[in-house]
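Quick notes on the structure that follows.
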Amino acid sequence: MRVVLFAVLGLFCLYYLFPLFVMVSTSLKSLAEIREGSFLAFPRDIGFEAWAKAWGSACVGVRCDGLQPYFMNSVMMAVPAVILSTTLGALNGYALTKWRFPGADIIFALMLFGAFIPFQVVLLPMARTLGELGLAGTVPGLVLVHTVYGLAFTTLFFRNFFIGVPDGIVQAAKVDGAGFFGIFFRIVLPMSLPAIVVTVIWQFTQIWNDFLFGVAFTVGDSNPVTVALNNVVNTSTGVKEYNVDMAAAIIAGLPTLLVYVVAGAYFVRGLSAGAVKG
């Protein structure tokens, strides 16, 4: 029975890894080899010219600087947005569980409702807000958008985790004279590493892979890498370079893949830690 189970799981793994194999093998082939052979064949002569072009000289619209500047835009967008949304979500979850106040349940319910609002619904009010703040079409504006939109999820994650932290610890710290932020930074936050890991992975993946907000709220040189990737694939400058397109897609997806490889085990452990609370 176990052999059958592992065989089935192996087939599922091959099924999900097959597109990645096609992408990697195609990115390592020359255009001549792609035309002559099959997408499924291993590359005869491995080359990284397509990777170099995708990174440094592929045309994104009328600009032929590759994905590099847009990749950096995504870094400058994702890192601050993840830090801000995670920190604010941790503070919200802590306040809603350990410093309860009248109406806390109503506020949490309203914030939880925000997690189910589709992206498309917030486009117009977000655009108006960014215009009023002078952040329209900029990377900082996109940081604000992702921070605000992610607060519902980060608050939910931390609230579910903090509700399982014994109240006696917080009460003892209050007796010793510790205040709101003292208890948070010295006692509660060091205990919440699993929740932090889950939230960071979730937020980074959502923010880095986002296309709709990027295409709606940025223009030209401020586009994130996902928008630039779309423009690379859809730019027509002569011959269709499938190897460059595949290399560009892998480059755009590498950060999220690395995050899951490095912290995937902690992600599952953190989800388990908050799954039965609430």
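Note that the numbering runs from 1 along the sequence shown for the chain.
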Please check if the side chain of D210 supplies one atom and the backbone of G214 the other of a donor-acceptor pair under 3.5 Å.
yes
Least distance between heavy atoms, M126 atom then F217 atom
CB-CZ, 3.5 Å
Identified side chain to side chain donor-acceptor pair (under 3.5 Å) counterpart of T155 within the set N92, T199, N160:
N92
Within the 4.5 Å heavy-atom criterion, are V60 and V227 side-chain neighbours or not?
no
Between K174 (side chain) and I169 (backbone), is there a donor-acceptor pair under 3.5 Å?
no
Please answer whether the main-chain N or O of G137 pairs with a side-chain N or O of S222 as donor and acceptor at a distance below 3.5 Å.
yes
In the single-linkage hydrophobic clustering (I, L, V, M, F, W, Y; side-chain heavy atoms under 4.5 Å), do L212 and F204 co-cluster?
yes
Are any of the side-chain nitrogens in D245 or K240 under 4.0 Å away from the carboxylate oxygens of its partner?
yes
In terms of relative ring orientation, are W202 and F153 parallel, tilted or perpendicular, with 30° and 60° separating the classes?
tilted
What is the distance from atom CG of L189 to atom OG1 of T87, rounded to the nearest 0.5 Å?
8.0 Å
Give, for atom CG of D65 and atom CG of D221, the distance between the pair rounded to the nearest 0.5 Å.
8.5 Å
Within the side chain of S192, is there an N or O that forms a donor-acceptor pair under 3.5 Å with the backbone of A195?
no
Hey, is the main chain of V215 close enough, under 3.5 Å, to the side chain of T218 for a donor-acceptor pair?
no
Under 3.5 Å, is there a donor-acceptor pair between the side chain of K98 and the main chain of F162?
yes
So, T154 side chain and S85 main chain: donor-acceptor pair closer than 3.5 Å or not?
yes
Knowing that exactly one of I207, L84, V82 qualifies, which makes a side-chain contact (heavy atoms from CB on, under 4.5 Å) with T147?
L84
Between atom CG of L88 and atom CD1 of I83, what is the distance when rounded to the nearest 0.5 Å?
11.5 Å
With sequence neighbours excluded, tell me which residues meet side chain to side chain contact (heavy atoms under 4.5 Å, CB included) with M23.
M246, A249, I250
Would the distance check show the side chain of T138 and the main-chain N or O of L135 forming a donor-acceptor pair, the cut-off being under 3.5 Å?
yes
Do the non-hydrogen side-chain atoms of V75 and F71 ever get within less than 4.5 Å of each other?
yes
According to the interplanar angle, ranging from 0 to 90°, do the rings of W99 and Y94 count as parallel (below 30°), tilted (30 to 60°) or perpendicular (above 60°)?
perpendicular
Hey, can you pull the donor-acceptor pairs under 3.5 Å for the side chains in residues 49-57, sequence neighbours left out?
| from | atom 1 | to | atom 2 | distance (Å) |
| --- | --- | --- | --- | --- |
| W51 | NE1 | S27 | OG | 2.9 |
| K53 | NZ | E241 | OE1 | 2.8 |
| K53 | NZ | E241 | OE2 | 2.9 |

With the side chain counted from C-beta on, respond yes when T256 and N209 share a heavy-atom pair under 4.5 Å apart, and no when they do not.
yes
